[in-house]
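First the structure, in the form of structure tokens, and then the observations on it.
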Protein chains: 2
Amino acid sequence: MTTTPTPRPGGRSARIQAAVHQAVQELQQEQGRAGLTVPAIAKRAEVTPSTIYRRWGDLSQLLADVAIEQLQPEQPPADTGSLRSDLLTWLVEYFEEMSSAPGRAMLRDVLGTQDHACAGKCDGLLRQQIEVINERALARGEQPIDIGLVTQIVVAPLMYRILFANETPTTQAIEALLEPLVSSADG
Amino acid sequence: MTTTPTPRPGGRSARIQAAVHQAVQELQQEQGRAGLTVPAIAKRAEVTPSTIYRRWGDLSQLLADVAIEQLQPEQPPADTGSLRSDLLTWLVEYFEEMSSAPGRAMLRDVLGTQDHACAGKCDGLLRQQIEVINERALARGEQPIDIGLVTQIVVAPLMYRILFANETPTTQAIEALLEPLVSSADG
DNA sequence: ACCACTAAAGCAAATATTTTGCTTTAGTGG
DNA sequence: CCACTAAAGCAAAATATTTGCTTTAGTGGT
């Protein structure tokens, strides 16, 4: 039998990671990007800077890591009675978050890092959430929606506007993109 | 009468900027992102590091600036006889560039920087190119295409795949997205 | 419960980078 | 040709990053 599936999942690593992540979030809130330096984060987390450098490589990778954690949904999408409105409600909230200043900072961190897998996780989380909405729809007897189609038709254009046109999508804009996809059931 | 529309457009600024930009491109090619530090760039450009820090602020803003310059098309889109094929040809080339390693690095630089206007320029350049294709179509008597629709239906989904799914769009994928938009004239 | 093992953290010295105050250079308008 | 000034150079100071070595604290075996 092989051992240690993850090298050392023990309590210390986790504790340090939590302390560092929390320090990043606190400093980010208190002083924005300006106060975010590795030494400052290390000090707040009561950790040595070299710990951060050795574990995360550099500031941008640490920030990307924290950003991904923050993207992790705290609650599953709200159940509003139908797939159509679940999806709309969730998308509106998602893009509100993404186009806010902190959301944009998170996107910058995630897209600006070398870490290849990072942006992929972002897409993965989105799909997971839509999956939950789909499962609920299925349980209601509704037809689930093609997740790839949602990202292609709704998510991608909105993300493009946020990233490249510096726009903030309105609820109406989201609705307009979503409508053609859900024009089967509901009202 | 007011004077000096731009503060000091004179030869020195331009010379220094050109030297620094060139130094970035050379080092990037020779050693990838690893060899790209402000001191290294300064040395190659025969310039003082403080010049770079004072003009560009930091490395990421300099890289974003260079990336935007590299995005500047060297030639207008090829004239292939019809709007449909002009557009397809150009888009295939554009996304080939964007999904290559250097293209992805450029996107990271552009999207990862604080400089707000930077990603906007990227969108602006794209629109300009499609505009040229449109004008040529118009001259041929063809119906021009809605640029906003092209970015929404074709560009945004492809960009999303590059950025968030780490995919490399195939010609077929591009064609499939473009087809519904140009299904009026041509063949 | 103890012990040997080792991944990961701490520490501190060595490097590298960024910032800053002041000086010098070189376009610009008169 | 001269006075003016934006921008570059220089060098010292402040910060941040890397690195070799030491210490700490989970892990598995007994």
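Chain identifiers are assigned alphabetically (A, B, ...) following the order of the sequence lines, protein sequences preceding nucleic acid strands; residue numbering begins at 1 within each chain. All values reported here derive from a predicted model rather than from experimental measurement. When reading the values below, keep in mind they use all heavy atoms of this one structure, side chains included, and skip hydrogens, waters and symmetry mates.
Annotation: of the two residues near DNA chain D, Arg54(A) and Thr37(A), the 5′-most nearest-nucleotide partner is Thr37(A).
With hydrogens and angles ignored, the 3.5 Å screen pairs a side-chain donor or acceptor of Thr151(A) with a backbone N or O of Gly148(A). Side-chain atoms of Arg136(B) come within 3.5 Å of backbone N or O of Ala78(B) as a donor-acceptor pair. Looking only at distances, a side-chain donor or acceptor of Arg104(A) sits under 3.5 Å from a matching main-chain atom of Ile162(A). Between the side chain of Asn134(A) and the backbone N or O of Ala137(A), no donor-acceptor pair lies under 3.5 Å. With hydrogens and angles disregarded, a donor-acceptor distance shorter than 3.5 Å links the side chain of Ser183(B) to the backbone of Pro180(B).
Atom pair Lys43(A):NZ and dC11(C):C1' shows a separation of 17 Å (rounding to whole Å applied). Rounded to whole Å, atom C1' of dA8(D) lies 14 Å from atom CD of Glu46(B). The nearest whole Å value for the distance from the CD1 atom in Ile16(B) to the C1' atom in dA6(D) is 12 Å. We find that CG of Asp58(A) is positioned 18 Å from P of dA16(C), with the value rounded to whole Å. For Gln17(B) and dA8(D), the CD to P distance is 10 Å, given to the nearest whole Å. Taking atom CD1 of residue Ile52(A) and atom P of nucleotide dT18(D), one finds them 12 Å apart after rounding to whole Å. Rounded to whole Å, the distance from CD1 on Ile41(A) to C1' on dA16(D) is 12 Å. Between the C1' atom of dT17(C) and the CG atom of Leu59(A) lies a distance of 14 Å, rounded to the nearest Å.
Near-neighbour residues of DNA chain C inside residues 18-30 of chain A, defined by a heavy atom below 4.0 Å, are absent.
Taking only side-chain nitrogens and oxygens, Arg12(A) never comes nearer than 4.0 Å to OP1 or OP2 of dA9(C). The side chain of Arg15(B) places an N or O atom within less than 4.0 Å of a non-bridging phosphate oxygen (OP1 or OP2) of dG27(C). Phosphate contact (OP1/OP2 of dA9(C), side-chain N/O of Thr48(A), threshold under 4.0 Å): absent. Between Thr51(A) and dG10(C) there is a side-chain N or O to OP1 or OP2 distance below 4.0 Å.
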Pair pattern of DNA chain C in dot-bracket, where unpaired bases get dots and | marks partners in another strand, Watson-Crick or G-U under 3.5 angstrom: ||||||||||||||||||||||||||||||
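For CD of Glu93(A), the number of neighbouring non-hydrogen atoms (other residues, nucleotides, ligands) closer than 6.0 Å is 12 at most.
Arg55(A) meets the side chain to side chain donor-acceptor pair (under 3.5 Å) test with Gln17(A); sequence neighbours excluded.
Partner of Glu26(B) under the side chain to side chain donor-acceptor pair (under 3.5 Å) criterion, chosen from Gln22(B), Gln28(B), Gln29(B): Gln22(B).
If you check the side chains of Ser82(B) and Ser85(B), you find a donor sitting under 3.5 Å from an acceptor.
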